[in-house]
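Scroll down for the structure; my scribbles are underneath it.
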Amino acid sequence: MTSTHLDGPALDEPDPHYKWIALSNTTLGMLIATINSSIVLIALPDIFKGIHLNPLLPENTSYLLWMMMGFLVVTAVLVVSFGRLGDMFGRARMYNLGFAVFTVSSIFLAITWFDGSEAALWLIFWRIVQGVGGAFLMANSSAILTDAFPANQRGLAMGINGVAAIAGSFLGLLIGGVLAPIQWHYIFLVSVPFGVVGTVWAYLKLRDTGVRTRAKMDWWGNITFAVGLIAVLVALTYGIQPYGDSDMGWTNPWVLAALIGGLAVLAVFVVIESRVESPLFKLSLFKNRSFAFGNAANLMASIGRGGLQFILIIWLQGIWLPQHGYDYSQTPLWAGIYMVPMTIGFLISAPLSGALSDRLGTRWFTTLGMLLTAGTFVALIAIPVDFTYWVFAVILLINGIGMGLFASPNRAEVMNSLPADSRGSGAGMMTTFQNASMVLSIGIFFSLMIAGLATHLPTAMYSGLTSNGMPADAAHAIANLPTVGILFAAFLGYNPIEMVGGPALQQLPQASVDHLTGLDFFPHLISDPFADGLSAAFTFAVVCCVLGAIFSLFTGGRPKATESAVALGTDDAPESIGEELAAVAAQATGEAPSEVVRQ
């Protein structure tokens, strides 16, 4: 196995402005990728109305789930392989390909002309293709930045890039809320001009300044990893769907088979990776304390906060906004607006903590960030379901600050711990843990919410409906509908009682119908059962964040020497990019590098 520099002119004519070109382009890429990962969440009601499909019917639930989760599942599965391809064939080249794939898929999503299930399948297919493009972008952006920036500026660069990644997920909610009611095609069309500009810009300006590792592709590792992870993530996706008389599908033999079988295949993957010459997952990287504990902390942070966005949307759209006079048709947009304080908190703290951690170290920023985030989950449990908004806004602001304090220093810590020839695969591994844990978190949060709601919601629903004149048989049938249907109705901004009441409402006096389908009945009905589910889900999040804080305390050790550092006989302190390029030049020529290269 040999390592060579990708771009000769980069050594001879170093461009001091290149790092900012790399940062601005990768930030644009991460921004549009994460905007598109969340823009669909708010726009789902308008999408399904536009294609004339009711997502709450049992036969259509899978369309709803894959529209929400498909992008995340695909990026989680492919991002390590694409990071490894970046190490082998050039990170800028793979990143450029990702921008092009992402842009083309956005065009095909925007020109959907089908109706019904055909339209749903078309959208899901191109969302998956869009996820492929997103995986190329996510896998190689961190590696490109790490190559372009010296070690003492990577925290700032990762902070700015991380701001785009997290802010994009919140901006997607606002953009989707504004554009979808006008025309749902616009939510995909809005990415096209940015994608075209980003693709051309990346092709013309980005170059590979790192180390290319020539090696054979680990096909068995890729296959077992993809099969195992897909099986586990699909099991988690379908585990929250009803099965038989159960509110969830965790007793479904197919779900259990996918979960157990997927874990078994992943175990085989680990064995393969320990034996092949050029593994997809470099397990030896976990011998580095910063890489191992940094990824463990990131995993816990992602699991702890991954489902937060979904729960807050349900809380706002299904309960709080209707209680305060917002019609269900308006709740998706206003839910995005009322969650803005979280974005503001992140925008303030992420770049600041990234810059400060370059000078002061990462450990205390990441630990404090996780503890702050844990405290906000405790506060969300403590406040009433019908909260005072300024209190809620302050909690979200602090939550965003906590996530920002953690995200940038953690990412810089992990990337700085990697040898130069493993940055693509290492960044891919980090992103895989993050994206897979997002799907895991959504499955866990929804399961805990459903379990909490199922304890008291049927009784409260039956009592509320019968007290308003609905016959006992009809009320019993509605009260025992799958809890996940009620959650999805609230999540999509539908009027839940209007959606599930059906013909039973037609038998009642108009005054009773108006009351049952009004803005007060359902929010008050669900408030107490929702508080039980909320407490269970956020208690789990607290545990995850505290574990993330503990793992963060073990980061910050001296990183292992890179291969180039060993070759030069230097110590194991982090090198600047100029020093790394000088080391590669020395290896290639056998001569001492020039001072120009060292700068």
Side-chain angles (χ1 to χ4, degrees), residues 16-35 37-38 137-138 140-174 194 198 290 294 297-298 301-302 305 309 339-373 376 394 396-417 423 427 430-431 434 548 552 555-556 574 576-577:
H17 303 297
Y18 174 72
K19 61 185 178 182
W20 304 114
I21 295 172
L23 177 60
S24 53
N25 190 276
T26 56
T27 297
L28 175 64
M30 291 301 293
L31 185 66
I32 68 166
T34 52
I35 283 175
S37 70
S38 64
L137 295 174
M138 294 175 186
N140 292 285
S141 61
S142 292
I144 289 171
L145 288 179
T146 308
D147 287 338
F149 278 82
N152 64 351
Q153 292 183 338
R154 285 177 196 154
L156 174 62
M158 297 293 182
I160 295 172
N161 199 248
V163 164
I166 302 296
S169 65
F170 293 108
L171 288 173
L173 300 178
L174 289 175
F194 296 102
S290 289
N298 187 37
S302 298
R305 69 171 185 262
Q309 196 174 77
M339 289 168 63
V340 163
M342 188 184 297
T343 309
I344 293 173
F346 191 91
L347 291 173
I348 292 171
S349 65
L352 183 62
S353 66
L356 291 175
S357 67
D358 285 334
R359 299 181 179 182
L360 305 175
T362 63
R363 179 185 303 166
W364 298 113
F365 287 98
T366 54
T367 303
L368 177 61
M370 279 290 89
L371 292 176
L372 269 179
T373 306
T376 59
V394 169
L396 292 192
L397 178 69
I398 298 172
N399 183 277
I401 290 172
M403 288 193 289
L405 285 175
F406 171 83
S408 302
N410 172 265
R411 198 172 172 198
E413 178 72 28
V414 171
M415 292 304 297
N416 277 335
S417 72
R423 286 174 182 160
M430 179 174 63
T431 307
Q434 185 167 314
S552 294
T555 61
S576 72
I577 291 299

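Counting begins at 1 with the first residue of the sequence.
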I401 backbone acceptor or donor facing S349 side chain under 3.5 Å: yes
task: Could you pull out the closest heavy-atom pair between T34 and G168, with the gap in Å?
output: OG1-CA, 3.4 Å
- prompt: Quick one: OG1 on T376 to CZ on R305, what's the gap to the nearest 0.5 Å?
  reply: 11.5 Å
message: How long is the straight-line distance from CD1 of I21 back to CD1 of I144, given to the nearest 0.5 Å?
response: 12.5 Å
- request: Would you please test L372 and F406 for side chain to side chain contact (heavy atoms under 4.5 Å, CB included) and show each step?
  value: CA-CA 10 Å; L372 269 179; F406 171 83; over 6 Å; no
query: Is a donor on one side and an acceptor on the other found under 3.5 Å between the side chain of S353 and the backbone of G404?
result: yes
- prompt: Does T373 reach the side chain of L405, with side-chain heavy atoms less than 4.5 Å apart?
  reply: no
statement: Closest heavy-atom pair, K19 versus A148, reported as atoms and distance to 0.1 Å, is CB-O, 3.5 Å
query: Which value, rounded to the nearest 0.5 Å, describes the distance between T26 atom OG1 and L23 atom CG?
result: 5.5 Å
message: Can you tell me how far apart OH (Y18) and CG (D147) are? Round to the nearest 0.5 Å.
response: 8.0 Å
- prompt: Which atom pair, heavy atoms only, marks the closest approach of S141 to M30?
  reply: OG-SD, 3.4 Å
- prompt: Which value, rounded to the nearest 0.5 Å, describes the distance between N410 atom CG and T366 atom OG1?
  reply: 6.5 Å
query: For M339 and L396, which heavy atoms make the closest approach, and how far apart are they?
result: CA-CD1, 4.0 Å
- prompt: Where do G548 and M370 come nearest, in terms of heavy atoms and distance?
  reply: C-CG, 3.8 Å
query: Looking at CG of L356 and OG1 of T362, how far apart are the two atoms once the value is rounded to the nearest 0.5 Å?
result: 12.5 Å
statement: Applying side chain to side chain contact (heavy atoms under 4.5 Å, CB included) to I344 and not counting sequence neighbours gives V340, I348, L397
